[in-house]
Structure formats: C-alpha cells, structure tokens
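The next block holds one structure in the form of structure tokens; read it before the comments.
When reading the values below, keep in mind they use all heavy atoms of this one structure, side chains included, and skip hydrogens, waters and symmetry mates. Since this is a predicted model, take the numbers as computed values, not measurements. Naming: A, B, ... by sequence-line order, numbering from 1 per chain.
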Amino acid sequence: MSEFVYDPHRIEEHWQAEWVTEGLYRAREDTGKPKKYVLEMFPYPSGDIHMGHVRNYTIGDVIARQASMAGFEVLHPIGWDAFGLPAENAAIKSDSHPATWTYANIEKQMASFKRMGFSYDWDRTVKSCDVDYYRWGQWIFLKMWERGLVERKSSPVNWCPSCATVLANEQVVGDSQCWRCKSVVTKRELEQWYFKITDYAQRLLDDLDELPGWPERVKSMQANWIGRSEGAEVQFALCDEADKPTDELITVFTTRPDTLFGCTFFLLAPEHPLVARLVEGTEYASAVDEVVASAERETAVERQIGERTKHGAFTGRYVENPVDGRLVPIWVADYVLMDYGTGAVMAVPCGDQRDFEFARQYGLPIVPVVVPAEQVDAVSSAVLGAVPQEVDWEAAYPGPGTMVNSGAFSGLAGGKDSEGMHAVAAWLAERGLGRESVNFRLRDWLISRQRYWGNPIPAVHCPTCGLVPVPIEDLPVVLPMDIDITKGETLADHPEFYETTCPKCGGAAKRETDTMDTFTCSSWYYLRYTDARNDTEPFSADNANYWMPADQYIGGIEHAILHLLYSRFFTKVLQDMGMVDFPEPFTNLLTQGMVKLDGTTMSKSKGNVVAPEDMIAKYGCDTLRAYILFMAPPDKDLEWSFEGLDGMFRFLARVSRFVDDAAEEAAAGNGVAASGDPASKKLHREMHRVIGKVTDDVARFQFNTAISGLMELTNAAYDYRREVPAGERDLALQRDVAETLVLLMAPFAPHLAEELWREVLGGGSSVHLQAWPAFDASAVQSDEVQLAVQVNGKVRGKIVVAADFSEQDVIAVALTAVADWIEGKEVKKVVVVAGKLVSVVVAG
RNA sequence: GGCGGCGUAUCCGAAUUGGCACAGGAGGCGGUCUUAAAAACCGCUGGGCGAAAGCCCGAUGUGGGUUCGAGUCCCACCGCCGCUACCA
C-alpha cells in the first residue's frame, strides 16, 4: 500500500522555485509552433487578491497550461492597471503617496499570484503607472490627435462630487451612479477632452457580427449601448412673434417620419439653447423658467422614483410642419433629453405614449390619427372622415399600420422602416427639408480627469497658439512624484509642473493639468505585452501581429461595455494608423461569474471576505485551484462554500496514492506484463474515454466536468485494483493510467502533477513540457453495446448486442426482450437509434 | 416598460446535435479495518415491495403543444437574478 503523504506546502514551494530556475513560462516568437495568446484582464492593485481573482486567473492558467501541452507556443502575461482614484483615497487615509500604496499592493498581489502557481511570463509584466508604459499612452494620444480623434469641447458632463472629477457616460452606472464609488452623479457644463469614439460607432456595431467567440449577452449589451436607430432628420421652420415662418430651422430626429402628419405640437428640452431666447421678456417666461428650473433641481435620484410626472410649458411660439405647412406650438418639456438626438422632438400623440400622456395632461390635441391600429383600406383612408377624429383610447398606438390623414401619403404602409417612412423622408430630402439619417446613443468618450494619479494629457495651452500638442520627441510628460495628495493637491497646484513654454511659438504657456481616464491605459495594455520592453515605440507591429488578436480573453462581465468597447475602439484606430493589421483585439471572450458568499458579492466593507491565503495555508493552492473550478461552470455565479474543499484535497491525495502504487508495483514487477482480461480492457477503455472527455471539456471551458472526469478515471482505477488481485494486475496498463491521470491533471493541480511526474513516475523533464494525452477514438469502442428498449416511450428492457449487429437483428432481439409488453398488441413502428436505444410503438 | 439569463436530489451540479434524467462532489446513514477513534477502503442515500437479485411507480418551477421519444424545441404562466430605461 502506498506510503505517499500529500504535503502540498513542501511540493508547491519546491516546484515554484524550480520552474523559475528553468524559465518554463517564457513566451518566444521564434519557435515555429502555432501561437496561442491567453489573456486575463489585468487586475487593479486594490489590496491583496480575493476569490474572484483566484477564479479568473485559475481559469486562464488552466487554458494556458493545457494549450502549451497541446503543442502551442503560449503567451500568458500579467500586469497591473495601476492608475486611478482608490490609490489617492488610500493615500489620504494613510497619509502617504498613491505610488507607495499602489506599488506595495502590486508586490502583494504578485507574491500571491506566484504562490498560486500561475504560469505567467514574468519578463513581460506591465504596470500602467510606470513611465515606461504610460509614455506610450501619451504617444498614442498624440497620434490620435493627429488623426482628428481628440477633441476639447464644452458640453454637459457627468460629475462625481465624491471623486471630484468628471466621468465618461459608460462610467455612470445603475441609478446615475459613479461606477467606482456609487455616488450619485450630477451634470455640469464643462470644457473637457474627448476621444471621438462616435466616429467608429457603425464599425463597432457591425464588427460585433465578426465575433462568434463572444457571449451573446455581451454583444447585445454593446449593441444596446451603441444604440443605433434609423429614422430621419426633419427641419421645422421657427415662426417669429407674429407667427410667420422664418428661415431659422430647428432639426429633430425621428424614427417615424411617416407620422409627421400627426404632429400636433413641438418640444424642446429644458436645456435647449433656444429656450431662453424664445421666451425672454414674454408672458410665457415665468412658466417656462419654472419648468427649466425644476428640471435642473430634479436630481438623478428623484428621477428614479416610480412613474415620472411630465412637466412642460408653452413658449408662446410656433414652428411650421414641413409636410403640410400647419403651425404647431412649441412647448418645453422635461421628458425631452438634451443629450439624445437634437434636444428637439416632434410630438405625435397618436403614435407615441409619452407624447400622448403629455397631450392629455396639458389638453393638447391628439388627432389627427395617422397610423391607426385598425387596418384601413386605401380607398376609405383617402377620405378624412373615414377614420376617427376623436379618440377615446387610453394609449397611443406605436405599431405598424396603414397611413391615413397624411395627404398624398395616405394608403402607404406606415411604421418603422416602412414604405411610408422612406417615402416621406425622400419627399423631405427633395425639398431640402430633411433626410434619412441614423442616430446613435453612443456619446464621445470623455477622457480627462481632474485628478493627480493618472497619465498626464500631453497638451499645452498657449495664449497665442491655443491648444498645442506636446511634440512626440518631448515625451514623456512625467507625472511628478512630489505631490502631497493628503492636502488634496492636483497637478493644477504645481506651477513647476504646468509652467512651460509653447512648443509652437516658444512663448510662456501652461501645461494641461488633467490626467487621462484610467480606461485609456487598459485599452491597449494587451498590445504592450507582445513587446513589453520596447523603448522606441509602444510595440512593434511584428510582435503585435504575431501574437494578436488574443485567442482567449477572460474577465468579469462588469466590463461588458466599458473596457471591452474602449479596447475595440483603440484597436480599430491603431489599425487605421497601420500599427496593427487586425480589426478586433479579442477573438474569444469568456466572462466568468462572480464569487459570492451568502448570495452577495464578497467585499471588505460587508466583511464577508474569504481570504485565498487562508485557504492556501490550510490546503495548498492546488486544492484551491481545482476546487474553485469544480464548484460551477466558469461563466456562472458561484456561491462559496467551505464544504467540499476537504473533498478536493482527499481526491488529490487519492490520485497520488494510486499513482504511487502503480509506479511501485511496476518497479517491483509485481504483476503481469499485459493481461487483456475484461477488467483490464474495461480500464483501458475508460482511460481513453476520459482522455476524450477531459480534452473536450477543457475546450468547452467545462472545467467542473473535466475534473469530474478525472475522478471517474480514478474511481475506475480503484475498481480495477479491487477486482484484480495483486500479482495479476497489468503493470503497463496501471502505469499508463497513472501517467494519463497526472498529465490530465497537470493544468488543474500543476504542483502535485509535477511532483508525481518527476518524483514518483520518474518522468525526467517537467510534466508541463509533456504532450497532452492523445485521444484514440478506436480505443473506446467496445465489442458489445447496451441498448435500452422503449415501448411507447417507457424503458421496458435492456439488451446487449454485438456492436456490428444489423438493425434487423437488433430489432429482433429488442422485440424478444420486451415480449411481455407487446404481447397481443400491434407493433406499429420501431425506431433504432444506433448505440442508444430501440423505440417500439404499439397500438392500444 | 425593454433586453437577456436562470429554475434538475438535502446542497453544489452532469446530461454537447431531442434518445436509458441525475455523472462527479458535498452532506447523511451503514459496513470493513482498529482495543477505540481518525484516516483509508467499500456500500446505500426519490417512493413502494423484497433477505437479495430485482420489479413497479413517481419525478427536471406550473399548464399546454410538437414528436416514436422533451430537462433540451414551441406557446402561455409563476418565481428568481442581471443589465437598461422618458432614447423620440
């Protein structure tokens, strides 16, 4: 019996040191092997690693290790997303510097990653707060500026009062909350820096179709966020105080130009620049001002409470409807949003529920009805009287139908993307009063932050030349370290940083003191990994094109829009610059589920954190790695439980004892060379079945069932040893099974596998350099197969027949087996499913 | 309101194109070994009958449908969870 004692700590620390010495995980570009780039989202160094990290990086490590054994040259890097606000907050709290806190946490996490045995190429590490990294972020920024993709403009922006900085649209989450601190954000009109991601809206949308390896749900989230809607721009002429149409046109966007004849009023957002001018000094001013003021007052929180009541006021002015020349009143309404479309809306109460409610509330007309729910034939619809002129319904009808009351267009099909919609748009376009157009919900990416701990924006404000980019040869703009964050200082408090000369005219000028959104750092780090020590450019095109796109990306679903959209944008920009030759950065995406405790996400503030280091101390990292994968499929949320950890440890020890016994018996010659008895045949078949299963499961990321496959093979090995007495066992087979188990286990429990491979099985070089076991389909074939026999859908018998039996013979055997059930009944039909079952249908 | 996901044993979970529902683990019960315990190994763990082999019945949130056959496909409903939201 095996004397093997599983001592994870000795084994794990020993082999971790050995692997470093042997340089096992260095990725090379010149091996001639097919490449595989396995990438996990780099962590933010907010403290030591938690169970979510363990799960994320273990998944990546298993994929990387298995790919390597399967013959790929694997790039598996790690780095840190190290700029950002938590470092500033922590620095204030601990009276230190953000850099101190950040680097200390990076060290801590790095040590934990090494203790977990992750197979990273440590020579390619990236820390985004290192000047060697962020200088190239500045470089890319300047190249984007050259291409007209950088813009400084004034507009209403999201402001987080707690973080004291502006936020991009994507960083406002939930109920108008800051993505990081969850404070409610407010709106402010500010001049800020933007990346013109909207220039890429269509491509970002279209190319989602080129990503079959991404989860449907992530793609649909991105598509919704980009929010493409087709419709038309329509120009309404503003009337003067005497209600005479002027040359001044107000543009609206509508998805339903076919309902233009049903427009009975016109709406402006409270923030619309025209509002003040229209009502200034008129009797309408006070009512309108009140709506504007209440909209301003209304915080994001209040807007979330239940059904919102709409508020509005008449401006006293009119616009002319371009299709029929009717004048309709202009109202200000707080349900019109300034930051979607044009901030002006044509109201069609019969077709839009919001307009309908507003009309009811303020006694505005709802008729004419232009696209009613009932089908109206073309002839009767030509007659105005044939359709209701008064409505008694309680809701608008937004669906498709036949256009009525619509002049020459009556009788056409109306609705989204309808004949009528295109006809009206074309009619408008001919007269210069509108055109078909597409509107996106996506806004430009606001990238400037009024914070210290970030990548400085390389720009200079010159009183004579205006905004001037820092010349590329002057990079980097180094983030100064002598800043006292505890006093709330930013770069704007440091003249020695911002006082400079204009690169263009040489006159005195001021450096930009905003830093870039940290999401700019994370939008290209995966490219830097391909050439991490390049000091003449961000990365060489050769290296990037060799490794990229990343074959497998792994990270949390919370980045479905933010990081993943920005990275796709950067990649497309870099492709347009000729720096890379691919349009998408990540071929396959795996979004792993959260690790929860008692149904909620683990967090320090809730005090429900399970520390990985405690688990490692008790069981070793191999048990923890295998256990967290075994608990649930990777994309599902996982409820942490301590029960079962012991079981995983027991399993690893159980495998070890079998491997030890098999090796010992083989060495001692205590058995037979090759037996070929039924028990051996069965074990041999089971071994190959499991090779096939585990290989397939890993490819499908079903790590939980892959591990259960290992348990099945282990159980089969124990069955064999119980059924066949010592001395009669097939030594070669036992050893074969032992080696197979160790090889299949290597990605999951890399240290124990290494110990068993090198020390117990005497395998020589590392188990992680061995070839993945080859699946032999023919070895799984059995001479006989068992089939279930169903009668009218219920299993009534089992038969065992030769694998090569003809269908006719199978049916004959099957009918005999269920004779009792079909006796005296008419057999109407027999279905044979090869290798599975026989289904007999009888009458009565 | 919209979009998406989920619902299988006491618990976590298998079941890849429709084909013997519940693999694997946890927990529970029992056995072997032992003076005893732990560990290890073995068995049982939906209900009924049976000493056992086995036989019968029930069962994938609920109700329908398609099919020789449905956890899987279709329709409706219930429950839970995400994301999004006056998007014109």
Report the residue (A:Asn439 or A:Met631) whose heavy-atom-nearest nucleotide on RNA chain B is the more 5′ of the two.
A:Met631
Are A:Val252 and A:Phe266 packed together at the side-chain level, in the sense that at least one heavy-atom pair is separated by less than 4.5 angstrom?
yes
Check every atom of B:G25, B:C20, B:A88 against the side chain of A:Leu337 and return the nucleotide holding the closest atom.
B:A88
Is the closest basic N to carboxylate O distance between A:Arg228 and A:Glu230 below 4.0 Å?
yes
Considering only heavy side-chain atoms of A:Asn704, the closest of B:A14, B:C68, B:C57 is B:A14
Among the candidates B:C41, B:C68, B:C20, find the nucleotide nearest to the side-chain atoms of A:Arg654.
B:C41
Ring centroid separation A:Phe265 to A:Phe358 under 6.0 Å:
yes
For A:Lys829 and A:Gly835, find the nucleotide of RNA chain B closest to each by heavy atoms; which residue's nucleotide sits nearer the 5' end?
A:Gly835
Under 3.5 Å, is there a donor-acceptor pair between the A:Asn439 and A:Ser229 side chains?
no
Just call it for A:Gly341: base, sugar-phosphate, or nothing, with non-hydrogen atoms closer than 4.0 Å on any strand.
nothing
At under 4.0 Å between heavy atoms, what does A:Lys794 touch on the DNA or RNA strands: base, sugar-phosphate, or nothing?
sugar-phosphate
For the base of B:C20, is there a side-chain donor-acceptor partner from A:Lys798 under 3.5 Å away?
yes
Side chain of A:Ser708 (C-beta onward), nearest among B:C68, B:C87, B:A23:
B:A23
Among B:C68, B:A85, B:G13, which nucleotide has an atom closest to any side-chain atom of A:Arg441?
B:A85
Specify whether A:Phe642 and A:Trp640 have parallel, tilted or perpendicular ring planes, treating 30° as the upper limit for parallel and 60° as the lower limit for perpendicular.
perpendicular
With sugar-phosphate meaning primed atoms plus P, OP1 and OP2, does A:Gln786 contact a base, only sugar-phosphate, or nothing at under 4.0 Å between heavy atoms?
base
Give A:Lys828 one of three labels, base, sugar-phosphate or nothing, depending on what nucleic acid heavy atoms sit under 4.0 Å from its own.
nothing
Under 4.0 angstrom, heavy atoms only, what part of the nucleic acid is A:Ser641 near: base, sugar-phosphate, or nothing?
nothing
Pick the P atom in B:C77 and in B:G2, then give their distance to the nearest Å.
12 Å
What is the base-pairing partner of B:U10, counting Watson-Crick and G-U wobble geometry with both distances under 3.5 Å?
B:A26
Counting side-chain heavy atoms from C-beta on, which of B:A14, B:G24, B:A88 comes nearest to A:Glu712?
B:G24
Return no unless some side-chain N or O of A:Arg722 is found under 4.0 Å from OP1 or OP2 of B:C42.
yes
If you only use heavy atoms from C-beta on, which nucleotide in B:A14, B:C41, B:C86 is closest to the side chain of A:Asp334?
B:C86
Heavy atoms from C-beta onward define the side chain here; which of B:U16, B:G25, B:G4 lies closest to that of A:Arg217?
B:G4
Who is the Watson-Crick or G-U wobble partner of B:G46, with both distances under 3.5 Å?
B:C57
Please tell me which of the listed nucleotides, B:A88, B:C42, B:A26, lies nearest to the side chain of A:Glu643?
B:A26
How would you label the contact of A:Asp696 with the nucleic acid (heavy atoms, under 4.0 Å): base, sugar-phosphate, or nothing?
base
